[in-house]
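One structure is given below, encoded as structure tokens.
Letters A, B, ... are given to chains in the order of the sequence lines, protein chains preceding strands, and every chain is numbered from 1.
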Amino acid sequence: MSTSIREPLIFDYSRTGRGATAQWVAEEAAPALPAALRRVTPPALPAASELAVVRHYTRLSQLNFSIDTHFYPLGSCTMKYNPKACNSAALLPEFTGRHPLASEKHSQGFLRCMHELQEMLQEVTGMQSVSLSPMAGAHGEFAGVAMIRAYHLARGDVDRNEIIVPQAAHGTNPATATMCGCVVREISVNADGDVNIDELRAAVGPRTAGIMLTNPSTLGVFERRIEEVARLVHEAGGLLYYDGANLNAILGKVRPGDMGFDVIHMNLHKTFSTPHGGGGPGAGAVGVGPRLVPFLPVPLVGVEKRAGGEHFRLLTEADRPQSIGRLTGFMGNAGVLLRAYVYMRMLGREGMSRVGEYATLNSNYLFARLQKAGFEAAYPERRASHEFILTLKRLAAERGVTAMDVAKRLLDYGFHAPTTYFPLLVPECLLIEPTETESKETLDAFVTAMSEILREAAEKPEQLKGAPFTMPVRRLDDVRAARELDLVHR
Amino acid sequence: MSTSIREPLIFDYSRTGRGATAQWVAEEAAPALPAALRRVTPPALPAASELAVVRHYTRLSQLNFSIDTHFYPLGSCTMKYNPKACNSAALLPEFTGRHPLASEKHSQGFLRCMHELQEMLQEVTGMQSVSLSPMAGAHGEFAGVAMIRAYHLARGDVDRNEIIVPQAAHGTNPATATMCGCVVREISVNADGDVNIDELRAAVGPRTAGIMLTNPSTLGVFERRIEEVARLVHEAGGLLYYDGANLNAILGKVRPGDMGFDVIHMNLHKTFSTPHGGGGPGAGAVGVGPRLVPFLPVPLVGVEKRAGGEHFRLLTEADRPQSIGRLTGFMGNAGVLLRAYVYMRMLGREGMSRVGEYATLNSNYLFARLQKAGFEAAYPERRASHEFILTLKRLAAERGVTAMDVAKRLLDYGFHAPTTYFPLLVPECLLIEPTETESKETLDAFVTAMSEILREAAEKPEQLKGAPFTMPVRRLDDVRAARELDLVHR
Amino acid sequence: MPFIPHTEADVSEMLAAIGAPSIDALFDEIPANLRAAPLAGIPPGLNEMQVMQLMRARARQDGLPLCFIGAGAYDHFIPSAVWAIVTRGEFYSAYTPYQAEASQGTLQTIYEYQSMIAALTGMEVSNASLYDGATALAEAALMAVRTNRKSKSARILVPRAVNPHYRAVCASSASQQGLKFEDVAYDPASGQTARSALAAWDNEDVTAIVIQQPNFFGTLEDVDALTDWAHAKGALVIASVNPTSLALLKPPGQWGTKGADIAVGDGQPLGCPLSSGGPYFGFMTTRMEYVRQMPGRIVGRTVDLEGRPGFALTLQAREQHIRRGKATSNICTNQGLLMVAGTLYTALMGSEGLSRVARACMARSDELVKALTALPGVRAAFSGARFHEAVLLLDRPVAPVLQALAERGIEGGFDLGKHYPELGPALLVCATETRSTDDIALYASTLRDILQTARTA
Amino acid sequence: MPFIPHTEADVSEMLAAIGAPSIDALFDEIPANLRAAPLAGIPPGLNEMQVMQLMRARARQDGLPLCFIGAGAYDHFIPSAVWAIVTRGEFYSAYTPYQAEASQGTLQTIYEYQSMIAALTGMEVSNASLYDGATALAEAALMAVRTNRKSKSARILVPRAVNPHYRAVCASSASQQGLKFEDVAYDPASGQTARSALAAWDNEDVTAIVIQQPNFFGTLEDVDALTDWAHAKGALVIASVNPTSLALLKPPGQWGTKGADIAVGDGQPLGCPLSSGGPYFGFMTTRMEYVRQMPGRIVGRTVDLEGRPGFALTLQAREQHIRRGKATSNICTNQGLLMVAGTLYTALMGSEGLSRVARACMARSDELVKALTALPGVRAAFSGARFHEAVLLLDRPVAPVLQALAERGIEGGFDLGKHYPELGPALLVCATETRSTDDIALYASTLRDILQTARTA
Ligand SMILES: Cc1ncc(COP(=O)(O)O)c(C=O)c1O
Ligand SMILES: Cc1ncc(COP(=O)(O)O)c(C=O)c1O
């Protein structure tokens, strides 16, 4: 006897003559527009009351899982708690009201934060200099590879356009290489999760621009021969790119700069806990070792000693003639950067290394317990880093229950699904990253749910195909979505 | 195959040694406390992480219906949209940071708002003077009746301690009379919803302190003989109290002062759209006609012309020697008052009278449609005011389906229930108040749901007893709650 | 039409369904002579942009002075999480949880609140909030009279060291029902309410005594002695307490041999911003045996049709909507949303967090008193142990000094002259964990300047 | 341990379950010589109170000057409802909606966003956002090259009247793939990009042309002529537009005979605060026939197992997580939350609200230009019709004037000297609906003062 209440489209609340009229500024006699430039029919936007808009989007929001409501063991995504203080600070009226082109006089407070952020990120990565302007991880990758290319070009080394990428890499790595006009060379990964050094040795050469790695890798294990990798690539004249999406694993424990990397992007929206906002915004600051400093994207925040203290200003192309240039309209996702800054200041020195420690503790604990509960590890011989991979290939073969089925069923148990089918090379995989902000009880409850699902898979596997059952919708028809494209309301 | 996820108590997230440590200020060497005054065992408060607290209360919040998520046709409660601007303005840091005892120098902005609010409330009620300090409707009632008593006492009329209250009155009216040391005399209401004038005539006399009325009454109809009522009470030496909970019905249409009332409280958390907060806070400003001005509770906001403009200050007992005194620690729910002020400024003159008009339109429309759908009106001959009463006595007698059953089933349809079993004199009643901020479509959807329920009542009445089915809990055992008192977690 | 969604088409269809020719016709039962004229005294409406610009200008006018006033409202740091969640629409715009099944969020929060406040005060049961600390005290007095059936005098002893605003509220409200509030003197040296001051009532019928801890001067009372005195003579003990201080101080439930009977206070320090005095929330706890005399809403845990746990309002027979003229109080709307803030704040702080705040308050105010009494012309009034406030005596009238401080952006304290003229020029100052050593130094140097200038002028 | 809930007991139990002696042992696969030293360069942690005090002090340092800068970021009023809902945890702290069933809120919001942006631009389909307006333009250029298979030159014409920062981003990013961006001059009298300026390419292969409306000078381009010129020669048209202006201006979908092919812009004016330049969001719309070349996420409406409507990410084969090195772009994380803000803002404003804002912007900036050009030494640079910005020419260097204005609390505009030296001392000014007549008068009188003082000095 259930009555299902669905939320219609905002357009369904729309009626001609209606509006959130408290938002209507007075009619003004504006200068006349040339007739040819005028819009004739008004855009078909919703005409809804303020209550309807508020109610509609409040109700829509409730249809989401989120960190604030659910455990989100989403591998490679570092879905940790986003402290509310970071949001409050970034939304202080002087910060939200500051125009990106404001005078230096009205910018010293903000720029000081940004300068300190640059320095803190240098410290945690072991890099020499940092630019904050990239707006997400992939954007940081772009900056990084563009710098690598600029470096080679500046040395007259014009033919280096190959980027080596391990098989398990995140899709943005090869995509970025292409965006930078490079050619991607994939190398495989050993059964133990480490890069195949022989293939690497064969791959490097005079066309090698560099290699993109994340360490711990997206397989959830630490690349043990990283020093050898670095040596090989460097000896071949290439540079090393560190995809910092997994920095959470090693914060305060190892520094990419010390491992031999020449450039890194950081996902501040992962490691430094800025919210993911249902898809963004992020911030993909890039850090570089000595070779790449001149090429950093502008603007950077510089400091000068002046009478009366330090004075901060934005450095532009004029200050940095070898820069790869400008990657954003202004200086990147400043509001995200402020959130990361606040987070880092709250954590401080000790807090920073605790991140790596407890993220790794949680991950290894969950790894151990899930294996004990009957799940198969993709790399059973290895330590988990901040994340680990289970493979359900046996379950799929024996009971027809796939990683997707398990993921969907977890939603019914009140847990967001782990990352599924990534990395692509592990069949029927679940990539699980609990992060350090979740408690042992939550992890235990997750193990219980996973065990229940395993039991269900044994007892009534066909039913799992129907999961989820308790979400606002059942499983969606993706094929139809792509075939009968319905992308806008008409 | 549903898995029900329940939210445990915050205490279940608690572990010794845990805490939201970002909130821990540094340990300080405080002066030693005398041993006898020291606490020995720390209070058993939850020791939970910040994420656990955020997640727990976010999830709890989602278990609520609210204006921002649901239509709330709750009679006598005026659950209208609470504009977000009111909240933003009241939470400006200078307002939230202002100490109630701050100097006049740092108070002119706030006090100007409060003074203008006093004046606007005078204008809409037709009263001569307003005090903002009562913190809710009942508190305003207390102020009003206390002023009536003070008025009589000041005239040496010491025996007037009877308060006349119509049968249909809200419970706070008689309770307030008692709180003021008065005796309550109930008078009945005619079948047409108007007060029984003969009983009133019989009730008034030399002991009559006053009468408490709300008009439109809690029966949802306008007291047509209000002028006669006023004359009778005044001739008997009593005063007229207007319970302003229903002011929304007549805003801009009739003014209590013009009807002959001597004192009124307003529920700013109803008519003036401050949020109800799941039970409060409210603001119950009182307005008075000429006879009661000297007795208003302090503090009031006064204004003086000074060189350089108007200067505002709080008037206290020293300025108002006949005042009934102070009813609140400071000056009432200032933050609620600010929200009401902002709301009134946004509505302005025209907006104010539209409130009464459209609240009445919505109510009469719903009244007409529900009657057509087969529901029985308690006062079918009368115009609805901003609210109206249905009686389900026939349904209860014929099918055993009560007002409570219908109310609970409405929850399944995504509508908050109307007020049930109030006023007490109408059997199996639903008191329905849609307010002006709801759209015709919402009202239509409500009619559809009510019609569905009527159909269900005809077809499977016993099933309705089990409603609701889709809420976080089924119907709760109130008897057990009162018998086996479990009021705190141990 | 701000906040009204009706189109012209809607209006005509609706009028047709009603069978009325116009909206105006819906008011035809109102006598024509009563119909209001246009509201000339209300200014025309503003759009949201205009109103926010206006409010920002008003706010700017008041500024954010550096504040050392306490006197019943305390400037504590509030974690961002508190109001981020309190203002969620589901808490902010919900009604009183009469429909329990659709209000489990609010109900469970109240249950948790009751548990936390009971734990803090060391008492057995709590209600779901009252208006503020002052009205909570008045309600406690009324409750004491209902509860203490043996006492007939309705006489409540109230130390003069109790917050004078609270005393005023008791006088203007509870005395309507014939309660008699009688003053008890404080010791001019210590600032405490001495046991000896009660001697006058040793042989009198007393219904209850109020004990405020810390008292209005910030001084700590000898709560055990006062409590035992009262209980020995059959009087009830009403504790009026600062919730922050309870992290360190013996809770009312443990005062004396038997513990206080009713504990009340203002919950403002637990997550409510100063906000010009409200909204805050009053709390009240008592013994289980007195719960039926308690005013205000109470939530209980129970089970649903399927036996699953759930929460509901309970003991409603105490309340006005059921018992009407015989209810324990007329209170209906309470301070629900602030109760949510208090719950969130307390849950975030926990016992350790709260005691650190309390200790920091003591340390900071001690620092403040030391810094100010080091100035010529300023000395401490009382010798008793303090929590986070203190009375200072100046060598000249207080009001002009406070005004000079305000001109320089400092709210220097609360002038006690009106309520305690016998003290001479006395100033109540406060520092919480939010005031830094720099803030205190700035106050001290500014005050030195002002005192000096005045002296040399 | 801030944001880490582990108790000591938890840690030991967990280590026992793992079978590791210590947390440190979990790092035993990391070569010992690589282990990091303590992070001496990071200051000790602050509690939330301290960090908020710090941030408030930093914010105060920057203040809230009266701002007349536009140049790509516009100070519009944002209704309170927008951020009250955007910051709800369910939007704020959710991940990308890969698990559609647990993300219908975000997915439906994106679908509604796509619908609104398509309606505003008059185009058929929209993606779910890109980083910002500048990167959206660079992506549009890349998309044009992929789409316009007939053209081999990868040559994109970009008027100099296009935002110079956008041009810089195109140069530093899209040129990595060999795109050639070529400048088109503006008419020095009107400030428009004249059809005649394109003559040089009349017989050249051109892949696409960018048309910014209004252009960087605030001047309105003759979009029909430019569009038809491009289409006539087989070039695509990329529109770069200000969304507010689209309430009044002909949308890209209707430019010329066939309409623009791709429309991009920065969504900042739709509900995103200035915030030092971000986060904003880039939008992109196009024709249905080009949708498979579009970068970024796209949401489609579909049905679930039971046939009920629902929403899901679609056409993912364009994206990096599927197509890797052959994806349309490397973009992954986009500006989701700002897209939510844009959707809320646009839904609240509606077409009428937005066009009122646009008209108010025009009226205010016209007033500003009149007030400033009435001063001696200030004149308008261009004659073309404007939206809400204008170029002013001063009789002296711009930088010191701007600095003097800043000293007096006014951000006077954007100095064009660096990007358009040929204009001489030129200043780009802007006024939106948020600037009042009083604000403009204050700017004018302050500028008069400054110009006069300098003159007499
Ligand atoms: C390993 C890895 N690299 C790169 C990225 C790309 O980061 P972004 O989504 O911020 O562009 C991600 C995030 O999804 C990632 O997990
Ligand atoms: C008719 C009537 N009078 C008085 C009150 C009491 O107001 P409050 O709840 O604000 O004390 C109410 C509200 O419930 C009411 O509906």
Side-chain angles (χ1 to χ4, degrees), chain B residues 20 28 30 42-45 47 53 60-61 63-68 85 89 92 94 96 99-100 103 105 109 123 135-136 138 171 174-176 180-181 184 222 275 277-282 325-326 329-330 333-335 348-349 357 360 364-365 368 439-440 471 473-474 476 481 486 488-489, chain C residues 5 10 14 18 29 41-42 44-45 48 55 58-59 61-62 69 89-90 92-94 96 101-102 104-106 115 118-119 131-132 134 168 172 176 273 275-279 300-302 304-305 310 312 314 320-321 324-325 327 330 332-337 348 350-351 359-360 362-363 406:
Chain B
E28 299 254 7
L45 302 177
V53 173
L60 280 190
S61 78
L63 304 182
N64 275 356
F65 276 33
S66 67
I67 281 294
D68 281 6
L92 287 170
E94 294 88 346
T96 55
H99 194 285
S103 64
K105 168 161 175 54
E123 175 75 9
M135 299 207 179
T176 297
C180 288
V184 178
F222 192 83
R326 177 179 278 280
F330 296 105
N333 282 335
R349 187 183 303 151
E357 291 172 4
T360 303
N364 278 282
Y365 175 69
S439 68
K440 176 171 177 298
M471 296 293 105
V473 291
R474 301 284 303 279
L476 290 162
D486 175 356
V488 299
H489 165 78
Chain C
D10 289 339
M14 292 169 85
I18 298 167
E29 291 191 356
I42 309 282
E48 182 177 329
M55 296 305 282
R58 297 265 166 98
Q61 221 183 325
D62 292 351
I69 317 178
E90 299 94 321
Y92 187 78
S93 72
T96 304
E101 299 84 354
Q104 287 296 299
T106 292
S115 305
Y131 301 133
D132 68 358
S172 60
Q176 299 268 354
S275 287
S276 293
R301 180 152 58 171
T302 180
D304 74 0
L305 273 181
T314 193
Q320 47 72 31
H321 63 288
R324 302 176 70 82
N330 70 342
C332 176
T333 292
N334 60 21
Q335 305 286 118
L337 198 65
L348 281 169
S351 151
R359 270 196 303 275
M362 287 184 69

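B:S66 and C:S93 get closest at one heavy-atom pair: CB-OG, 3.4 Å. Minimum interatomic distance between C:E101 and B:M471 (heavy atoms only, all atoms of both residues): O-CB, 3.6 Å.
In this structure a side-chain-to-backbone donor-acceptor pair under 3.5 Å is missing from B:D68 to C:E90. A distance-only check finds no donor-acceptor pair linking the side chain of B:N333 to the backbone of C:G278 [under 3.5 Å]. Judged purely by atom type and a 3.5 angstrom limit, C:D10 has no side-chain atom pairing as donor or acceptor with the backbone of B:K440.
For chain B, the nearby parts of C:T333 are the backbone and the side chain; heavy atoms of each come within less than 4.5 Å. In this structure, chain C has no heavy atom under 4.5 Å from any part of B:A47.
When the candidates C:G300, C:G350, C:S172 are compared by the number of heavy-atom contacts under 4.5 Å with chain B, C:S172 comes out ahead. With respect to chain B, the highest number of heavy-atom pairs below 4.5 Å among C:G89, C:S115, C:P44 belongs to C:S115. The greatest number of non-hydrogen atom pairs below 4.5 Å with chain C, out of B:L92, B:I67, B:T96, B:V184, is found for B:T96. Ranked by non-hydrogen atom pairs under 4.5 Å with chain C, the options B:P174, B:S439, B:G280 are led by B:G280. Chain C forms more heavy-atom pairs under 4.5 Å with one residue of B:G335, B:A44, B:A368, B:A138 than with any other, namely B:A138. The greatest number of non-hydrogen atom pairs below 4.5 Å with chain C, out of B:G181, B:G329, B:A85, B:G282, is found for B:G329. Chosen from C:A134, C:A327, C:P273, the residue pairing most often with chain B at heavy-atom distances under 4.5 Å is C:P273. When the candidates B:A481, B:S61, B:P43, B:G348 are compared by the number of heavy-atom contacts under 4.5 Å with chain C, B:S61 comes out ahead. In terms of heavy-atom pairs under 4.5 Å with chain B, the best-connected choice from C:A406, C:G310, C:C332, C:A118 is C:A406. With chain B as partner, the option from C:P279, C:A168, C:S351 having the largest number of non-hydrogen pairs under 4.5 angstrom is C:P279. Note: B:R474 leads B:M135, B:R474, B:H489 in heavy-atom pairs under 4.5 Å with chain C. Between chain B and the options C:A312, C:G41, C:A360, C:A59, heavy-atom pairs under 4.5 Å are most frequent for C:A59.
Checked against salt bridge (charged side-chain N to carboxylate O under 4.0 Å, His left out), B:E123 has no partners two or more places apart in sequence or in another chain. B:K105 pairs by the salt bridge (charged side-chain N to carboxylate O under 4.0 Å, His left out) definition with nothing, not counting sequence neighbours.
Here the CG atom belonging to C:D304 is positioned 8.5 Å from the CD atom belonging to C:Q104, to the nearest 0.5 angstrom.
Taking the side chain as every heavy atom from C-beta outward, C:N334 and C:Y131 never approach each other to under 4.5 Å.
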